[in-house]
Amino acid sequence: MAQERFDAVVIGAGFAGMYMLHKLRQKGFSARVYETGRGVGGTWYWNRYPGARCDVESMQYSYQFDDQLQQEWDWTERYATQPEILRYANHVADRYDLRKDISFETKVTKATFDESSNTWTVETDRGERVVATFVITAMGCLSSVNTPKIEGLADFKGPTYHTGNWPHEGVDFTGRTVGVIGTGSSAIQSIPVIAEQAKGLTVFQRTANYTVPANNQPLTDEYKRAIKADYKGMRARARKMPANIDLKFNPASAIEATEEERRKSYEERWAYGGIPFMGAFGDLLLNDASNKTAQDFVRGKIRDTVIDPQVAELLSPKNIIGCKRLCVDTGYWATFNKPHVKLVDVSAEPIERVTATGLRHKGKDYVFDDLVLATGFDAMTGALLRIDFRGRGGRQLKDRWAEGPKTYLGLTIAGFPNLFTITGPGSPSVLTNMLPSIEQHVEWIADCLEAVRSRGAKVIEATEAAQEGWVQHVGSVAGLTLRSTCSSWYVGANIPGKPRVFMPYIGGFPAYLERCEAVVKNGYEGFAVA
Ligand code: NA7
């Protein structure tokens, strides 16, 4: 049987893969999308844990490529819930008739570049083998679940859940006792909801995290009308901001402000809620002393909220605020005032083991019915390295990246011709509003494919020199901020043995956009087109 051939294979049918497919079709390229899940939505398909929501406001966390789409879709809350975002993803799939080119429940296992034909052979876990000129990964930055290697995990007799791969039918914790490992964003969102249902909840905390109340609320018709009347303007303002989010940013220095100015600013932003808190001053992520003023403010809020001073102290983060990704919550600190909610500090000594009935820490046994792992992801590189990519000379991506990921613009990899990585390491991705950043990547890639086709070329590949230059630039800007100083998933510190490299590009969306546009203007500078 002849092998099926496509212009492009896209891996993943989340927001990146869906838009990529739409764009490829628009430009007249044939495409096949492979998706592990049974449906579209990526992150929002898998992360169904209680309380899951986006921490970017819904009117901004949405596609802008089609004005009719953004005009017709009606977000109901300031921060959309996972079910609402998944409905939106399905609406997009229906609206553009995307499903007919997506193979669901199919994992890509291997992709090999053939230098004689300049094509990729893509293999799946269903035994399919197809040939494509281009391969585009759209697997998300936080999609490879991190299950910690705690001894005895398999011995636990009750159900074990991971927030990043939550049962589709949901979980009812009513009348149950629950243990949660982790206090990252997923834990901080789910703990208050689990505590509402459960009879008992014990949270095992290794590192206390900063969180700012969401102040979530239903969106009024008036607000939605105002945004929709000037959607273009809002998107344009966002593109000028480092995080590609339209928010109020105060460039002034925190330490140069008076005590009173600082308090006023922090209080206002605390009341407003969410990530814009970090926009209170321009140097919060540049200067230790400035950052400390924001840390002290949040620690004060924790002391004001949590009744037991010992618990308040344990919940108080000691590190740089905003170094690990800032969390956004609804009622997180106050949950620890409930008598059935307990906090266990596992920072000094790791959890000894999971037992049949719970877990053991420092010789003490904790007993519960259900175990929730809110332990995060092998971020940015995990999903890419699960696929056996073989580029020129049969070289494997995992070997090329043994010392950390190397890309040109976060979009392409030297030695791997015709391979594109949407929101890959070395791009702003997770430091920005993912949806518009995805759109920028998809449009850049689609234009690039068109340029290759119009030149009558067959191959485009980043040069080693261009890649090296970009890797150095990504590293040097990372070194300028406090964000690279702590043990976060941005640097791979949550995965034992992972090379410590600050993976996303922290130079800001505007600088990145400018660079991507200049590369095109200069005839695909840094690429060899043959
Ligand atoms: P995160 O932010 O990586 O959080 C994972 C949490 O799990 C974090 O508190 C970890 O502690 C903890 N963890 C991981 N392994 C262990 C072990 N072995 N023992 C104890 N505690 C452990 O993942 P999330 O899913 O919450 O959020 C990911 C992103 O999704 C988030 O940043 C938003 O962008 C949305 P640690 O801090 O490593 O000490």
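When a ligand or atom number is given, it counts from 1 through the structure's own listing order.
Between Y49 and W166, the angle of the ring planes goes over 60°, which puts this pair in the perpendicular group of the 30/60° scheme.
With values rounded to the nearest 0.5 angstrom, Y63 atom OH is found 12.5 Å from W73 atom CH2. Rounding to the nearest 0.5 Å places CE of M380 at 9.0 Å from CZ of F502.
Numbered from 1 in the order shown, with element, the atoms of ligand 1 that lie under 4.0 Å from a heavy atom of G182 read 6 (C), 7 (O), 9 (O), 12 (C). Close approach of ligand 1 to F377 is summarised as follows: ligand atoms under 4.0 Å from at least one heavy atom of the residue are 25 (O). Contact atoms of ligand 1 toward L142: 29 (C), 30 (O), 34 (O) (distance under 4.0 Å to a heavy atom of the residue). Taking every heavy atom of P148 and a limit of under 4.0 angstrom, the matching atoms of ligand 1 come to 18 (N).
At a heavy-atom cutoff of 4.0 Å, ligand 1 is contacted by the backbone of A374 but not by its side chain. Of all the heavy atoms of N209, none lies under 4.0 Å from any atom of ligand 1, so neither backbone nor side chain is involved. Looking at F204 against ligand 1, nothing comes within 4.0 Å, counting heavy atoms. By the criterion of a heavy-atom distance under 4.0 Å, both the backbone and the side chain of S186 are placed next to ligand 1. For K149, no heavy-atom contact with ligand 1 is shorter than 4.0 Å.
Taking the charged nitrogens against the carboxylate oxygens, R235 and E439 have no contact shorter than 4.0 Å, which rules out a salt bridge. R386 has no carboxylate O lying under 4.0 Å from a charged side-chain N of D378, or vice versa, which leaves the two without a salt bridge. R303 and E313 are not joined by a salt bridge, as no carboxylate oxygen comes within less than 4.0 angstrom of a charged side-chain nitrogen.
Ligand 1 has a nitrogen or oxygen under 3.5 angstrom from a nitrogen or oxygen of T207. Among the atoms of T163, none of the N or O lies under 3.5 angstrom from an N or O of ligand 1. The shortest N or O to N or O distance between R206 and ligand 1 is below 3.5 Å.
Checked against the 6.0 Å centroid criterion, the rings of F277 and Y266 qualify as a close aromatic pair.
The single protein non-hydrogen atom nearest to atom 3 (O) of ligand 1 is W489 CD1, 3.4 Å, given as residue, atom name and distance. Nearest protein heavy-atom contact of atom 4 (O) of ligand 1 is G184 CA, 3.5 Å. Residue, atom and distance of the protein heavy atom nearest to atom 20 (C) of ligand 1 are I181 CG2, 3.6 Å. For atom 37 (O) of ligand 1, the nearest protein heavy atom (residue, atom name, distance) is K324 NZ, 2.5 Å. Remark: minimum distance from atom 9 (O) of ligand 1 to any protein heavy atom is reached at T183 N, 2.9 Å.
Cation-pi geometry between R48 and Y45 is satisfied (NZ or CZ under 6.0 Å from the ring centre, within 45° of the ring normal). Judged by the 6.0 Å distance and 45° axis criteria, R515 is not positioned over the aromatic ring of Y408.
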Quick one: do R53 and E77 satisfy salt bridge (charged side-chain N to carboxylate O under 4.0 Å, His left out)? Show the steps, please. CA-CA 10 Å; R53 295 178 185 276; E77 292 178 69; 3.0 Å; yes
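Counting heavy atoms only, G376 comes closest to atom 23 (O) of ligand 1 of the residues S185, C54, G376, P350.
Atom NZ of K318 has more than 12 heavy atoms from other residues, nucleotides or ligands within 6.0 Å.
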